J.: 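Sharing a structure, written as structure tokens. Questions coming.
Just follow the structure's listing: the first ligand is 1, and inside any ligand the first atom is 1. All residue numbers in this chain count up from 1 along the given sequence. Just so you know, these numbers come straight off a predicted model, no measurement behind them.
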Amino acid sequence: MQRLFDCHMHTTHSCDATATFDELCESALKYGLQGICVTEHVDFDEADAGYGYYNYDAYMADVKRCRKKYGSRLTIRTGVEVTYQTEFIDDIKRFLGTYELDYVLGSVHSIDHVLVLDPEYPEGRTKNEAYEPYWQETLAMVESGLFKHIGHLDYIKSIRSQEYGEFEVRQWLPWITKILERVVESGAILEVNTSALRKGHTEPYPGWDILKLYKDLGGTHVVMGSDSHSPSHVGLGFRETAAQLKKMGLALCHA
Ligand SMILES: [Zn+2]
Ligand SMILES: [Zn+2]
């Protein structure tokens with residue numbers, strides 16, 4: 001059986017997670033993973049609950065301790081999930097220039113200082129006003145060239161608005177195509193994030209249509225992450241998702 005890596009996880013070093021480092025490691029072993037990469041949040045917006053929370057030294061102390069504890073049974077890579085906001089690009093560059101990490105994942109979570117999955121976000125916004133700034137910011141993130149790995153590309157499909165109806169890829173195809181073209185041109189790699197499966201979706205972030213388009217545009221590799229915030233999320237849906245990716249001809253790589 002293919003040995004899998006979970007490349008997107010959070011521990012109590014992230015402001016919104018409940019899992020300890022050891023608990024994630026134990027879950028990973030139980031699930032039969034080859035390795036993990038714990039990607040704590042780094043946020044530069046004072047409006048974000050995670051602002052000022054990141055502590056590289058405390059994180060690295062846990063990495064070193066768990067590497068010793070689990071030895072060859074589990075590979076542990078270092079990583080981070082940076083919330084991309086164009087207005088904080090200088091802070092992001094400074095951060096990336098300061099810390100040494102194996103894996104850097106770029107994700108868009110907020111627009112105008114509001115989390116896009118916050119119930120408040122759709123208030124007073126038409127569907128276009130809600131979605132377009134997200135695609136614009138995602139494009140800017142890819143074009144910044146700062147990230148080798150692009151997190152949960154269609155995360156906004158979980159937007160909490162009854163009025164907008166179901167997410168339809170074809171409605172946003174010009175944006176998505178442009179973003180994917182830039183991803184492929186720049187040699188970046190899409191993340192396939194299975195947390196969508198625990199948020200009521202039947203497909204990961206991004207969904208299969210987007211992954212197929214990525215492949216058609218020349219994309220060859222993806223990384224898989226569960227975006228675990230608790231031990232029970234580790235490796236969620238990995239076997240099925242990995243099998244589907246294989247069928248599509250997208251190769252799995254890891255941090
Ligand atoms: Zn994220
Ligand atoms: Zn995350």
J.: Below 30° counts as parallel, above 60° as perpendicular, anything between as tilted: where do the rings of His41 and His229 land?
T.: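 Rings of His41 and His229: tilted, as their planes differ by 30° to 60°.
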
J.: In terms of ring plane angle, is the pair Trp172 and Tyr131 parallel, tilted or perpendicular, where the classes change at 30° and 60°?
T.: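 Judged by the thresholds at 30° and 60°, the geometry between Trp172 and Tyr131 is parallel.
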
J.: Please determine if the Zn ion (ligand 2) has an N/O/S atom from His10 lying under 2.8 Å away.
T.: yes

J.: If I take atom CD1 from residue Ile76 and atom OH from residue Tyr70, how far apart are they, to the nearest 0.5 angstrom?
T.: 7.5 Å

J.: Give a yes or no on whether the ring-centroid distance for His109 and His152 is below 6.0 angstrom.
T.: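 Yes.
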
J.: Determine how many protein N/O/S atoms sit closer than 2.8 Å to the Zn ion (ligand 1), leaving waters out since they are not shown.
T.: 3

J.: Which heavy atom in Lys148 sits nearest to a heavy atom in Gly187, and how many Å separate them?
T.: NZ-O, 3.5 Å

J.: Salt bridge check, Arg65 against Asp22: does any charged N sit closer than 4.0 Å to a carboxylate O?
T.: yes

